[in-house]
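Right, one structure below, let's go through it.
All values reported here derive from a predicted model rather than from experimental measurement.
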There are 2 protein chains.
Amino acid sequence: MAAQPSEPGAPVRGDVPDVGVAGVERIRDAERTRADILAVATREFADRGYAGARINEIADKTSTTKRMIYYYFGGKEQLYVAVLEEAYRRIRVLEQQIDVEHLDPVHAIRELAGVTFDHHESHPDFIRLVSIENIHRAEHIARSTVLSNLANPAVDVLGAILRRGWDAGVFRDDVDALDVHQVISAFCVFRTANRHTFGAIFGRDMLDHARREHQRRMLGDLVVAYLTTH
Amino acid sequence: MAAQPSEPGAPVRGDVPDVGVAGVERIRDAERTRADILAVATREFADRGYAGARINEIADKTSTTKRMIYYYFGGKEQLYVAVLEEAYRRIRVLEQQIDVEHLDPVHAIRELAGVTFDHHESHPDFIRLVSIENIHRAEHIARSTVLSNLANPAVDVLGAILRRGWDAGVFRDDVDALDVHQVISAFCVFRTANRHTFGAIFGRDMLDHARREHQRRMLGDLVVAYLTTH
DNA sequence: CCGGTCATGTACCAGTTGGTGAGTTAGTTC
DNA sequence: GAACTAACTCACCAACTGGTACATGACCGG
């Protein structure tokens, strides 16, 4: 969105857009600097929250300086929004790869739940960012045109599965796709988001590898049992 | 715990321990000042997170001064831990009042889920504090002897219900009480903790009053359907 | 090889933040 | 009513925090 090297109506230079010779690192590389800042900022914000993260510290962990953060992003808040946007974008790309149309409704819903389970487990930073954004009452998401207009592939897929299940008469019909998505998300998000307090209070690590398959099957059974009971 | 007026080996004065004449407010009242600070701090920490909350602002919203916060609690972190301890204590008191022994296992589990649903819905600040504490990887809970040794009535009750259900052969036996508690908590916590991002992205408020009964029944159905499927 | 612009490093700042030293008053005890 | 202590007030601070003015060097087109 902001300050990319080949932005204004500049004459398109065909191939080899930025790197002069393949493999030769440019000292000055806007895209790389931007990406570097974004990567470090993602880690820091996810780790310490918005208020807890420090611009100075982010800059120090970057291979560039604080000045560049302001040059590319404008300020702490805009940097945070950029981090959120990029994090959501990546998850959506993953979700778009879900393909369960070849399965019957019951197996499809179990597969969808399982894949969602996997996605959440392998993106703890994303879950943390979402938690943090909820503490701020999603004010940044609400203000970001990118984020509030982002399609949600997982829910679309879910809707298609449900329709097939209803047609076949195997699923209860007093819920909609968003309800089911909520249940699946709740289970997956809770496991990661509340891992630490749950562990401290009950002495069980919900993400313990030894319990992983049990939990994954539990989610599948939960959703299938619920949908097929009517 | 700390600094109460009638603390050291002072000769016990029988009745009328603190207030000279009933109804006459004392100007200096340690207990009231402490409680005032704690109440304001709870709101501020729940609202803005640990790093986002400001000692100065907490003090301003109190009827006392910043110096008193340090007098009674020692520092920002200790104040935050005191807030956490008090919040957990109150929830546990509520949980202890759950009484479902007179119900058959299936109705008991539905009732327990419903009551948990109600508790979570009516204590959003507690949920926020838990989310915040998870961002900090539960480091404060881990260090608090009060919190890491707190019993959990809800899980005990749940365990008793499950045992009765197993004996009667109506419940599946490949889960334990903590698994089921996790499922119920996940649903209830998610609804409140992720309300804002969920609302911003899907355009549905999970806490909308019009959807409340539907959601409450959904949780009951979910847990019962799962447990009775085997 | 030269001029301009994009990218970057240095030094700095004003406001804020958690925290404290030291003195003062209310209420109790004897 | 003197003496004592818990409860409280006031003024102050060093460190930090997000943010910026300005100088400088790299890269590209011509």
Side-chain angles (χ1 to χ4, degrees), chain A residues 2-14 16-21 24-37 41 44-45 48-60 62-81, chain B residues 1-14 16-21 24-37 41 44-45 48-81:
Chain A
Q4 269 167 8
S6 55
E7 202 180 28
V12 183
R13 268 197 303 135
V16 194
D18 259 322
V19 183
V21 183
V24 173
E25 285 181 13
R26 295 222 286 115
I27 308 286
R28 311 196 140 191
D29 187 333
E31 204 126 353
R32 193 184 17 157
T33 303
R34 228 188 99 94
D36 182 20
I37 294 172
E44 287 295 303
F45 280 125
R48 299 159 196 253
Y50 176 74
R54 302 285 172 234
I55 289 285
N56 284 322
E57 194 133 339
I58 291 173
D60 287 350
T62 296
S63 62
T64 179
T65 63
K66 179 164 66 158
R67 188 67 187 75
M68 288 297 94
I69 293 176
Y70 289 91
Y71 183 69
Y72 283 112
F73 296 94
K76 188 182 185 182
E77 195 168 346
Q78 288 123 295
L79 175 61
Y80 172 71
V81 171
Chain B
M1 183 139 274
Q4 272 168 11
S6 54
E7 201 179 29
V12 182
R13 267 197 304 135
V16 193
D18 259 322
V19 183
V21 183
V24 173
E25 286 182 13
R26 296 221 285 113
I27 307 286
R28 309 193 146 194
D29 187 333
E31 203 127 353
R32 195 185 11 158
T33 303
R34 229 187 99 94
D36 182 20
I37 293 172
E44 287 295 303
F45 280 125
R48 300 158 196 254
Y50 176 73
R54 302 285 171 234
I55 289 284
N56 285 322
E57 193 134 338
I58 292 172
D60 288 348
K61 292 184 178 173
T62 296
S63 61
T64 179
T65 63
K66 179 166 64 159
R67 196 69 188 76
M68 286 298 94
I69 293 176
Y70 288 91
Y71 182 69
Y72 283 111
F73 296 93
K76 187 182 184 180
E77 196 168 346
Q78 287 122 296
L79 175 60
Y80 172 72
V81 171

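- Atom P of nucleotide C:dG18 and atom CG of B:Asp60 are separated by 12 Å, given to the nearest angstrom.
- If you check every strand for non-hydrogen atoms under 4.0 Å, A:Ala53 touches sugar and phosphate atoms only.
- Set against D:dG19, C:dG18, C:dT10, the side chain of B:Lys66 has C:dG18 as its closest nucleotide.
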With a 3.5 Å cut-off and sequence neighbours excluded, list the donor-acceptor pairs that the side chains of residues 51-58 of chain A form with protein atoms.
from    : atom 1 : to      : atom 2 : distance (Å)
A:Arg54 : NH1    : A:Ala51 : O      : 2.9
A:Asn56 : OD1    : A:Lys66 : NZ     : 3.0

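- Listed pair B:Thr64 / D:dA7 fails the phosphate criterion, with no side-chain N or O lying under 4.0 Å from OP1 or OP2.
- Rounded to an integer number of Å, the gap from OH of A:Tyr70 to P of D:dT17 is 12 Å.
- Atom pair A:Arg67:CZ and D:dA21:P shows a separation of 8 Å (rounding to whole Å applied).
- Considering only residues two or more places apart in sequence or on other chains, A:Glu77 meets the salt bridge (Lys or Arg N to Asp or Glu O under 4.0 Å) condition with A:Arg143.
- Atom CG of B:Asn56 and atom C1' of C:dG15 are 12 Å apart (whole Å).
- As rounded to whole Å, 18 Å separates atom P of D:dT24 from atom OH of A:Tyr71.
- For the pair B:Arg32 CZ and C:dA26 P, the interatomic distance rounds to 15 Å; values are reported in whole Å.
- For B:Thr65 and A:Ala51, each mapped to the nucleotide of DNA chain D holding its nearest heavy atom, the one lying further toward the 5' end belongs to B:Thr65.
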